[in-house]
Amino acid sequence: MYCKKLFLISLIILLSLFNSVSVAEETDSADIALISMDVQPSSAPGAPFVGTINVINSGNMTSMSRDVTFYLSTDSEISPDDYKTGTVKLSFLKPGESIYREIVGTVPLVLTPGNYTAGAILGPGFNLTPDRDVTNDIITGGLVEIQSSYARPQKWFNEKIADLIFNYSNKERTLRGLPELSRDLSLDAIALEHSSDMAERNFFDHTNPDGETPSDRALRHGYSQKRILADGSVFYGIGENIVKIPVEKNVYGFGEIMGDDPDQIADVAIESFLDSKPHREALLLPLHEKIGVGVAFDGTYYYVTQNFF
């Protein structure tokens, strides 16, 4: 009788341990989720293909290395049997951490002209960090037009670079304990106009050939340049940063700059601003609350304008 009771108690303990392990296996995971993706709207066989992916670790463990592969599909379903354009690696995301990654891939030569669906698939992970929810391991993007010959969708590239510069500007401010800037569409328009003007009329200056300064351009656009601060003092004026970046040349000591890599161009723009005292002060001025970014390309140079208020 004593042996039977001891056996039952041991069995109950074992079952309890088993249940504890089962619960742990169910709750401890590094659940990497594909949040969003963006790809250039057109390309051609053998030509560059730029895509970006945003992911988050919604689990409670730090993730191990995982690959995200980009595909082009002839239908709306994305699978590993589709046309692979490139892969990017994700490593050691902490619980709750989200990151952005870019990939500059290549369109397979076997593709024929037509419309394809872009998508991405998260590769398998290690057993040490199980992924409980595999339903968020596949994401579908927009349609991509594959043309017979390559013409860079420059408007998309310019807008992508501007978005990255906005994100990286706030990253630099956050690292220094400064408040983030909000994106202002009206300042975007002022900045884009100046970048386009510099590209079209082949000049590089805060004052354009007509004698307009940043404040003059803001005034012409009807943008208010006056703000009353918390202490009652008045903040007035528009801040401006500009940079001119040649592609495929050694510039600012950063090496070769490729026109088909928006992330690299945005990174060079931010580094050049930080390396110049007045530009750095404008980017990191605590009183600035808003930012606009405009990017233009003349075939050789990228022109970037940041306007602050």
Side-chain angles (χ1 to χ4, degrees), residues 38 40 48 50-54 88-91 97-104 152 154 156-184 187-188 190-192 194-199 202-206 214 238-309:
D38 188 22
Q40 66 184 80
V50 175
T52 60
I53 192 81
N54 283 299
V88 63
K89 186 177 292 294
L90 312 172
S91 299
E97 181 181 6
S98 62
I99 60 169
Y100 152 92
R101 286 289 184 272
E102 179 199 55
I103 181 170
V104 181
R152 182 192 294 147
Q154 195 60 59
W156 182 88
F157 273 80
N158 293 347
E159 291 174 350
K160 175 59 65 175
I161 294 167
D163 290 343
L164 291 171
I165 289 173
F166 167 67
N167 292 336
Y168 293 163
S169 295
N170 275 332
K171 181 179 179 181
E172 294 297 332
R173 290 176 66 91
T174 300
L175 287 172
R176 294 162 176 82
L178 298 172
E180 290 190 354
L181 303 168
S182 61
R183 189 83 177 263
D184 188 314
L187 284 178
D188 274 354
I190 298 170
L192 178 57
H194 189 54
S195 289
S196 299
D197 191 25
M198 289 190 290
N202 191 28
F203 74 95
F204 180 64
D205 202 308
H206 292 284
I238 294 291
E240 185 175 88
N241 284 343
I242 57 175
V243 64
K244 179 180 178 181
I245 304 171
V247 297
E248 300 181 1
K249 295 179 181 179
N250 190 294
V251 57
Y252 303 119
F254 293 99
E256 192 175 32
I257 309 298
M258 301 304 297
D260 287 308
D261 191 339
D263 190 74
Q264 186 183 49
I265 295 164
D267 187 60
V268 168
I270 293 296
E271 289 296 330
S272 66
F273 292 149
L274 293 174
D275 284 346
S276 166
K277 185 177 179 180
H279 292 82
R280 180 187 179 92
E281 290 177 350
L283 176 61
L284 302 178
L285 186 67
L287 290 178
H288 281 156
E289 297 179 348
K290 300 178 181 180
I291 184 175
V293 186
V295 178
F297 185 59
D298 67 1
T300 303
Y301 295 92
Y302 275 99
Y303 294 82
V304 177
T305 302
Q306 290 181 315
N307 283 125
F308 305 95
F309 178 64

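Being a predicted model, the structure only gives us computed values, none of them experimental.
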Could you pull out the closest heavy-atom pair between [X] and [Y], with the gap in Å?
X: Trp156; Y: Gln40; result: CZ2-N, 3.5 Å
X: His194; Y: Asp205; result: NE2-O, 2.9 Å
X: Leu283; Y: Arg173; result: O-NH1, 2.9 Å
X: Asn307; Y: Glu240; result: ND2-OE2, 3.1 Å
X: Gly294; Y: Ala191; result: N-CB, 3.5 Å
X: Phe308; Y: Leu187; result: C-CD1, 4.3 Å

> What residues, two or more places apart in sequence or in another chain, satisfy salt bridge (charged side-chain N to carboxylate O under 4.0 Å, His left out) together with Arg183?
Replying inline: Asp163, Asp188

> Taking it one step at a time, do Arg176 and Leu284 satisfy side-chain contact (heavy atoms from CB on, under 4.5 Å)?
Replying inline: CA-CA 9 Å; Arg176 294 162 176 82; Leu284 302 178; 3.5 Å; yes

>> Rounded at 0.5 Å granularity, tell me how far CG in Leu181 sits from CZ in Phe166.
In response: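 So the gap between those two atoms works out to 7.0 Å.
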
>> Just verifying a value: how many Å separate Thr305 OG1 and Ile242 CD1, rounded to the nearest 0.5 Å?
In response: 6.5 Å

> Would Phe297 and Val247 satisfy side-chain contact (heavy atoms from CB on, under 4.5 Å), going step by step from the backbone distance to the final call?
Replying inline: CA-CA 10 Å; Phe297 185 59; Val247 297; 4.2 Å; yes

Using side-chain heavy atoms (C-beta onward) and a distance below 4.5 Å, is [X] in contact with [Y]?
X: Ile291; Y: Gln306; answer: yes
X: Thr52; Y: Asp263; answer: no
X: Asn158; Y: Tyr302; answer: yes
X: Ser195; Y: Val295; answer: no
X: Thr174; Y: Lys171; answer: no

>> Quick one: does any side-chain atom of Gln264 pair with a main-chain N or O of Glu256 as donor and acceptor, under 3.5 Å?
In response: yes

> Do the side chain of His288 and the main chain of Ala282 share a donor and acceptor less than 3.5 angstrom apart?
Replying inline: yes

> How about Lys89: does its NZ atom have over 12 heavy atoms from other parts shown lying under 6.0 Å from it?
Replying inline: yes

> In this structure, which one of Asn167, Leu164, Ile53 forms a side chain to side chain contact (heavy atoms under 4.5 Å, CB included) with Tyr100?
Replying inline: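 It is Leu164; the other options fail the test.
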
> Taking Phe309 as the fixed residue, which of Leu287, Ile190, Asp184, Ile238 is the one that meets the side chain to side chain contact (heavy atoms under 4.5 Å, CB included) rule?
Replying inline: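 Exactly one candidate clears the test, Ile238.
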
> Where does the angle between the aromatic ring planes of Phe204 and Tyr303 fall among parallel (under 30°), tilted (30 to 60°) and perpendicular (over 60°)?
Replying inline: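 Rings of Phe204 and Tyr303: tilted, 30 to 60°.
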
> Could you go step by step and tell me if Ile165 and Ile270 meet the side-chain contact (heavy atoms from CB on, under 4.5 Å) rule?
Replying inline: CA-CA 7 Å; Ile165 289 173; Ile270 293 296; 4.1 Å; yes

> What's the verdict on side-chain contact (heavy atoms from CB on, under 4.5 Å) for Glu102 and Val88, showing C-alpha distance, side-chain angles and the deciding distance?
Replying inline: CA-CA 8 Å; Glu102 179 199 55; Val88 63; over 6 Å; no

